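The model shown is predicted, which means the values in this text are computed figures rather than measured ones. Order of the sequence lines sets the chain letters (A, B, ...), proteins ahead of strands, with each chain counted from 1.
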Number of protein chains: 2
Amino acid sequence: MINIESKIEALKQKCAEANMRLTPQRIEVLKMIASTDTHPDAETVYESVKEVMPFISLDTVYRTLASLEDLGLIFKVDNELPKSRYDADLSPHCHFICVKCGAVYDIFMDSHIEPPKESFKYGEVLQTNLQVKGICHKCKG
Amino acid sequence: MINIESKIEALKQKCAEANMRLTPQRIEVLKMIASTDTHPDAETVYESVKEVMPFISLDTVYRTLASLEDLGLIFKVDNELPKSRYDADLSPHCHFICVKCGAVYDIFMDSHIEPPKESFKYGEVLQTNLQVKGICHKCKG
DNA sequence: TTATTATTAGTAATAATTACTAATAAGGAA
DNA sequence: TTCCTTATTAGTAATTATTACTAATAATAA
């Protein structure tokens, strides 16, 4: 479970460092993503944040997601689905992705995965992550 | 390096099994993907196949890619880039993906990756794959 | 060879994301 | 506090990737 307060605190710091403004839109979008483990897409974030901030635009959500990603506070879940899914949990974990309904489940691990040695042959490694694709119980039966 | 002949042979068999027709479009699209290690996107496949088959349509390429994927002859490379990338190499390997230019490099491994035990909690596991994201030498400078 | 019907070419439509612009508001300076 | 600068936003238009539609074509089996 993510500590929302410390997440907002991190946003405050990162914004200051990057000369970016701490706007209510950024706070709400980050809050929303950090308070769920469903790895929502942009549209879902939009619908959810609209409940507390009715005039937010979808464009702002997309821009904010990109900003938060640039600041290293959230990241996109690698998938081959049409919509991007977002995650605010930076602890070591990977994802089970249902290829049928698109559900994304966390699989927590003791430590981050080491990249295969050969990786460094191709450039600077930023991140290594594991994807487990399958069919979730709900879709199965 | 993929053996194109055996790949086409597999297509022939799979098509027969699935009651699908062995069309020149399917052969050419599969040939194209199997003969490169660049993991092309649909547009690139289209441009390339057009050279030998000038009247093929982009729609056919998309449909064919989906069919070949259904037959288990190719698969999409998981990424968070706007375009889907395709791979015909089914041997154990993962990918280095440059987050800047989108280049995809193969990292070959001795065996397929075992899914974490927790994976099975969420459903039936179909595939496990590792992604290494970074910045390739070319983009680095 | 012929008949059946899966598949295709060409194009229109959709879905997700990004770009544009005038208005707004965050945050530093006075 | 108040004012200024300019990053950010809302609203909407545009773009990009992908999918759907339809009449024409061609792969396979009889």
Contacts under 3.5 angstrom, residues 11-29 of chain B side chains, donor-acceptor by atom type, not counting sequence neighbours:
| from | atom 1 | to | atom 2 | distance (Å) |
| --- | --- | --- | --- | --- |
| B/K14 | NZ | B/L71 | O | 3.4 |
| B/T23 | OG1 | B/R26 | N | 3.3 |
| B/R26 | NH1 | B/R21 | O | 2.7 |

**OP:** Answer with base, sugar-phosphate or nothing: what part of the nucleic acid does B/F55 contact at a heavy-atom distance below 4.0 Å?
**Re:** sugar-phosphate

Original post:
Are side-chain N/O atoms of A/S57 and A/T60 paired as donor and acceptor at under 3.5 Å?
Top reply: yes

Original post:
Where each residue is assigned the nucleotide of DNA chain D containing its nearest heavy atom, which of A/V61 and B/D59 is assigned the position nearer the 5′ end?
Top reply: A/V61

Original post:
Under 4.5 Å between side-chain heavy atoms, hopping through other hydrophobics if needed: is there a path connecting B/V45 to B/L58?
Top reply: yes

Original post:
Is there a residue in residues 79-88 of chain A whose heavy atoms reach under 4.0 Å of DNA chain C, and which residues are they?
Top reply: A/P82, A/K83, A/S84

Original post:
Of all heavy-atom pairs between A/L90 and A/G72, which one has the smallest distance, and what is that distance?
Top reply: CD1-O, 3.6 Å

Subject >> hydrophobic_cluster_shared for A/I135 and A/Y105, side chain cutoff 4.5 Å >> reply: no

Original post:
Is any side-chain heavy atom of A/P116 less than 4.5 Å from a side-chain heavy atom of B/L130?
Top reply: yes

Original post:
Do B/K83 and B/E43 sit within salt-bridge range, that is, some charged N less than 4.0 Å from a carboxylate O?
Top reply: no

Original post:
With a 4.5 Å limit on heavy-atom distance, are the side chains of A/V99 and A/L81 in contact?
Top reply: no

**OP:** Identify whether A/I2 and A/L73 are in the same connected component of the hydrophobic contact network (ILVMFWY, side-chain heavy atoms under 4.5 Å).
**Re:** no

Original post:
When you measure from every atom of DNA chain D, which of residues 24-54 of chain B have a heavy atom less than 4.0 Å away?
Top reply: B/P24

**OP:** Report yes or no: do A/S67 and A/D70 form a side-chain donor-acceptor pair below 3.5 Å?
**Re:** no

Original post:
Contact boundaries of DNA chain C with chain A (under 4.0 Å, heavy atoms), 5' to 3'?
Top reply: C/dA16 to C/dG27

**OP:** Can you pull out how bent the helix from C/dT1-D/dA30 to C/dA30-D/dT1 is, comparing the axes over its first five and last five pairs, to 10°?
**Re:** 40°

**OP:** On the 0 to 90° scale, with breaks at 30° and 60°, tag the A/H39-A/H95 ring pair as parallel, tilted or perpendicular.
**Re:** perpendicular

Write down the protein N/O and nucleotide N/O pairs, taken from nucleotides 28-30 of chain D, whose separation is under 3.5 Å; answer none if there are no such pairs.
| from | atom 1 | to | atom 2 | distance (Å) |
| --- | --- | --- | --- | --- |
| D/dT28 | OP1 | B/L22 | N | 2.7 |

**OP:** Run the numbers on B/D78 and A/K133 for salt bridge (charged side-chain N to carboxylate O under 4.0 Å, His left out), then give the verdict.
**Re:** CA-CA 10 Å; B/D78 280 313; A/K133 274 183 276 182; 3.1 Å; yes

Original post:
Can B/I56 be reached from B/V52 by stepping across I, L, V, M, F, W or Y side chains whose heavy atoms are under 4.5 Å apart?
Top reply: yes

Subject >> Heavy-atom pair with the smallest gap, counting every atom of B/F96 and A/V125 >> reply: CE1-CG2, 4.1 Å

Subject >> A/V49 reachable from A/L30 in the ILVMFWY side-chain graph, under 4.5 Å edges >> reply: yes

Subject >> Position toward the 5' end of DNA chain C (nearest nucleotide), A/L58 or B/N19 >> reply: B/N19

